[in-house]
**Student:** 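Structure below; questions to follow.
Owing to the predicted nature of the structure, the values given are computational and were not obtained by experimental measurement. Residues take their numbers from the sequence shown, with the count starting at 1. All ligand and atom numbering here is 1-based and tracks the order in the structure.
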Amino acid sequence: MTAIHIQGLGTYVPTKRITNVDLMSLVDTNDEWIVSRTGIKARHMLADDENGSDAGTEAALKALEDAGIAAEDITHVLTATCTPDYLCPSTACIISGKIGSHGAMAFDLNAACTGFVYGLDVANSILAGKPGAKVLLVGSEAFTRRLNWEDRTTCILFGDGAAAAVLTNGEAGTPKRCLPSAPRLRDVRCGADGRQYPLLTVGGGTNRNYKPGDPVQDDFYLQMQGREVFKQAVRSLSAVCSELLEDNGLTLEDIDLFIPHQANLRIIEAVGDRLKLGSEKIFVNLDEYGNTSAASIPLGIGDACAQGRIRPGSRVLLSAFGGGFTWGAALLEF
Ligand code: COA
């Protein structure tokens, strides 16, 4: 019998905060446009000497503390990121080394903004096959490093951040600090459709044939056809939620809180309309962070817990969408 639980959670947001007004000194934009088109008011940025692995390490240490589990007892470190410090070594290896989970299997997975939900699916499989395992799943992004600060259509949207979860098969007591109880991962599903991958890309770490001394090319930066991505996001997020609920014999009435990927408030509202879900059941924190990609869903869980919107007994629906395109949804029962 497998009963996968999130035994602890931790979050980390860099101190440096960039408001919409701050962005006006970089590109031709304004607070009113950004808020009305996206809902975003601020985003956080890593310090110059800080990397995605540092943010992930901070989040991981807090998650271990919440779980009451020692780093040396972790058997697997997974990092969901599409802005790794290096292509090799993985950010997961760097985090593992920094926290002291030596000997644990460590690797990155890249499913863009759906990375954390993909990670839940992978952790679920690991724990089903190895019930004694203890999986540390980190979502960590350094997206501000991959933004073209001259492109007003993309640089307003993203921010940096990290969050981590410790997963076990079976419950190991009450979490110490962040989660009100250890939620069971009731179900998770993920998918992808690579046919439209050029609509959202982050290049530069590819095997493109750069020559020594070449300046950084445009494809180093995130590039996106925003309108098309918007439409696909609404369709995929709604569809995967409906499928997951139906397969579990549930309706939206049974859901206490929906935590969607925090990319754009208008996408979230359109998904809420499609699902016929009242705004009081939808969690939003993108006003403060922007889109933190693979960190977005676990940052949402952490903030929702801190605000008392998740309690023991809550049934929480998670759903994400990202470049690839990728999508996924998961059901947590606290
Ligand atoms: N400030 C001011 N004006 C801006 C602007 C900015 N930051 N960015 C674009 N504009 C302008 C455009 O140049 C355009 O001007 P024009 O009509 O004179 O050509 C106008 O605003 C409308 O641009 P458009 O791209 O049609 O706006 P939009 O309503 O589609 O919103 C996005 C743009 C990017 C906010 C929206 O498409 C979006 O959020 N897409 C999804 C992106 C996303 O979340 N991706 C990640 C998914 S995981």
Side-chain angles (χ1 to χ4, degrees), residues 18-43 80-83 110-119 139 141-144 146-161 190-194 196-203 221-241 259-272 274 282 284-300 318-329:
I18 314 283
T19 65
N20 292 345
V21 172
D22 295 331
L23 292 181
M24 288 170 65
S25 62
L26 297 175
V27 285
D28 179 14
T29 191
N30 57 77
D31 182 56
E32 196 276 327
W33 193 96
I34 300 175
V35 172
S36 65
R37 300 290 176 122
T38 72
I40 298 166
K41 296 178 182 160
R43 69 286 294 144
T81 184
C82 61
T83 52
N110 177 352
C113 302
T114 319
F116 190 81
V117 181
Y118 265 58
E141 299 283 13
F143 243 111
T144 62
R146 289 298 192 131
L147 296 176
N148 178 352
W149 295 103
E150 294 176 356
D151 176 7
R152 67 177 180 171
T153 67
T154 54
C155 75
I156 58 160
L157 296 171
F158 294 85
D160 301 330
C190 296
D193 180 347
Q196 299 184 73
Y197 82 86
L199 294 175
L200 204 180
T201 56
V202 183
Y221 300 112
L222 175 134
Q223 298 188 36
M224 180 172 62
Q225 294 180 38
R227 282 194 166 191
E228 279 312 307
V229 175
F230 190 108
K231 285 185 222 157
Q232 291 290 342
V234 173
R235 277 189 216 121
S236 298
L237 287 166
S238 316
V240 72
C241 287
I259 304 180
H261 171 48
Q262 306 286 312
N264 181 318
L265 185 59
R266 288 191 300 142
I267 293 177
I268 293 174
E269 287 171 350
V271 172
R274 279 198 179 207
I282 304 178
V284 174
N285 65 358
L286 56 71
D287 48 322
E288 180 58 31
Y289 307 129
N291 182 346
T292 56
S293 188
S296 148
I297 291 281
L299 274 178
L318 314 173
S319 180
F321 172 86
F325 291 123
T326 57
W327 57 81

**Student:** Would you call Glu269 and Arg266 a salt bridge, using N to O less than 4.0 angstrom?
**Tutor:**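 No, no charged N to carboxylate O under 4.0 Å.
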**Student:** Would you please say whether a donor-acceptor pair under 3.5 Å links the side chains of Gln223 and Thr201?
**Tutor:**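 Distance-only check fails for Gln223 and Thr201.
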**Student:** Pairs under 3.5 Å, N/O atoms on ligand 1 and on the protein: can you put them in a table with the distances?
**Tutor:**
residue: ligand 1; atom: 1 (N); partner: Thr29; partner atom: OG1; Å: 2.7
residue: ligand 1; atom: 3 (N); partner: Trp33; partner atom: NE1; Å: 3.4
residue: ligand 1; atom: 3 (N); partner: Arg152; partner atom: NH1; Å: 3.4
residue: ligand 1; atom: 7 (N); partner: Thr29; partner atom: OG1; Å: 3.1
residue: ligand 1; atom: 7 (N); partner: Arg152; partner atom: O; Å: 2.9
residue: ligand 1; atom: 13 (O); partner: Arg152; partner atom: NH2; Å: 2.9
residue: ligand 1; atom: 21 (O); partner: Trp33; partner atom: NE1; Å: 3.4
residue: ligand 1; atom: 26 (O); partner: Arg227; partner atom: NE; Å: 2.9
residue: ligand 1; atom: 26 (O); partner: Arg227; partner atom: NH2; Å: 2.8
residue: ligand 1; atom: 27 (O); partner: Arg37; partner atom: NH1; Å: 3.3
residue: ligand 1; atom: 29 (O); partner: Arg37; partner atom: NH1; Å: 2.7
residue: ligand 1; atom: 29 (O); partner: Arg266; partner atom: NH2; Å: 3.2
residue: ligand 1; atom: 30 (O); partner: Arg227; partner atom: NE; Å: 3.4
residue: ligand 1; atom: 37 (O); partner: Gly226; partner atom: O; Å: 3.4
residue: ligand 1; atom: 39 (O); partner: Asn264; partner atom: ND2; Å: 2.7
residue: ligand 1; atom: 40 (N); partner: Gly226; partner atom: O; Å: 3.0

**Student:** For Phe143, what residues pass the ring-ring contact (aromatic ring centres under 6.0 Å, His included) criterion, not counting sequence neighbours?
**Tutor:**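 Here the qualifying residues are Phe158.
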**Student:** Taking the side chain from Ser293 and the backbone from Glu141, do they hold a donor-acceptor pair closer than 3.5 Å?
**Tutor:**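 Absent.
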**Student:** I need the Asp151 CG to Leu26 CG distance, nearest 0.5 Å.
**Tutor:**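 Nearest 0.5 Å value for the CG-CG distance: 12.0 Å.
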**Student:** Assess whether side-chain contact (heavy atoms from CB on, under 4.5 Å) is satisfied between Trp327 and Asp193, documenting all intermediate values.
**Tutor:** CA-CA 9 Å; Trp327 57 81; Asp193 180 347; 3.7 Å; yes
